[in-house]
Amino acid sequence: MARCIFHIDLDAFFVSAEEVLNPELKGKPVIVGGDPKCRGVVASASYEARTYGIRAGMPLAKARCLCPQAIFIRSHFPLYKDNSDKFIKILGAFSPHIEPLGLDEAYLDVTGYEEPYGSPEKLALAIKQRINKELNITASVGIATCKVIAKIASDLSKPDGLLEIVPGEEQSFLNPLPIAILPGVGKKTEQALNDMGITTIRELARLPLDTIKGQFGATGAVLYSYARGIDDRKVEMPGESKSISQELTFVRDTLDRKFIEANLHSLCQEVCQDLCRQNKRAKCIAIKLRYADFKTVTRQVTLKEASDVTRVVFTTTQQLLIKALTQQKKPVRLIGIRISSLVCKGKQLPMFDSGTKKPEHLDKAIDKIRSKYGSSAIQTGNGSSSKGNQGKF
Ligand code: TTP
Ligand code: MG
């Protein structure tokens, strides 16, 4: 039996969440990402802003050049997380087979669950309406027999769209589309395919498996299937994260060690909070430094015992930082931290003496306060002067 897969993606998510709080923003070119005088990038652009050519990932300064009247807003992650949790909960009411991706999109396998609604389209409309009613945000839905086509369909239907590719129509839907629309075709692959004279999925689908595999290896085999509308991947909860990372670009390149350390401490707090939420400890700790000339170095150590204690993680990264700064005396543009080799915490280890437990208790108390009142609600001594644009390692 053919499967019925939905891909559901909220429209201009960060901007939409801001518009709910401030309806005056509606209908205007709005950009979430931060102050255009700073060096961040566009996280989300309203559809009005997109008419000026503004896209996610574009430097804010460039966005301002393209649309000087645009309204720029800083990101508010607790707000987006809250909306995201509600979004996933709504989807779970329609089918238990859910695969969230990022904050604002998910696959839903609704095979069999569409029957009470009369058709997949009617079920999709019910989901869209519920999201709109509860979150006041529009969503776009792609319906198909597999994930890759459902994803492309929802992308093409945006905003506030609904596009169903009925069984048997997969190839004719894909044929005229540009290759760049296929997941897995990045800039390099696109260029390599263009060099082979291939610009549409129809042309890609004509390539023999050996040719495409010879050129792109395992990715080639996947593209071969996708170009034919073949994708057997199940809708399933993603595996647990193997690492956690955070990074920060400073507003100005800096040599000020105390300032870098204070920001490093904030990043350590954030990753340790994430660790605690996942009930894990980390053994491997790494820092990343990008200098003003964009040269990037990483330094890593493995702890004797896995930890989720901010103080332990910070002290370790601080030592790595001092070593790196002593080796290269150049202004720093970006600092990042990544913790990996994550192990499940299980029950409390009996070996801890009360002195070791104290920082752990402190972390937990801080974590509780922050999850209730936001991450700026409480700071410890080191982390009071974060200035920059935060993202992933
Ligand atoms: P997307 O769903 O890719 O984008 P979007 O929801 O803003 O717009 P669309 O209508 O096209 O779906 O990403 C979801 C959110 O993730 C987005 O609102 C902000 C965040 N994000 C970033 O922070 N950086 C990025 O480069 C991208 C693509 C998204
Ligand atoms: Mg979206």
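Note that ligands are numbered from 1 as they come in the structure, with each ligand's atoms numbered from 1 the same way. Index from 1, following the sequence.
- Here the angle centred on the Mg ion (ligand 2), running from OD2 of Asp104 over to O of Leu10, is 90°, rounded to 10°.
- Note on Lys86 versus Asp82: salt bridge recorded, some NZ/NE/NH1/NH2 to OD/OE distance being below 4.0 Å.
- Taking the ring centre of Tyr224 as origin, the terminal cationic atom of Arg228 falls inside the region bounded by 6.0 Å and 45° from the ring axis.
- Within 6.0 Å of CZ in Arg233 there are more than 12 heavy atoms belonging to other residues, nucleotides or ligands.
- Leu325 has its side chain within reach of Arg257: a pair of non-hydrogen atoms, C-beta onward, lies under 4.5 Å apart.
- Salt-bridge formation is detected for the pair Glu99/Lys147: a Lys NZ or Arg NE/NH1/NH2 atom is positioned less than 4.0 Å from an Asp or Glu carboxylate oxygen.
- Ordered by chain and residue number, the residues placing a heavy atom less than 4.0 Å from ligand 1 are Asp9, Leu10, Asp11, Ala12, Phe13, Phe14, Ala43, Ser44, Tyr47, Arg50, Ala56, Asp104, Lys158.
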Please step through side-chain hydrogen bond (donor to acceptor under 3.5 Å, both in side chains) for the pair Ser140 and Asp11, ending with a clear verdict. CA-CA 7 Å; Ser140 298; Asp11 300 321; 2.8 Å; yes
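- Within Asp9, the N, O or S atom lying nearest to the Mg ion (ligand 2) carries the name OD1.
- Ring to ring, Phe259 and Phe250 are close: their centroids are under 6.0 angstrom apart.
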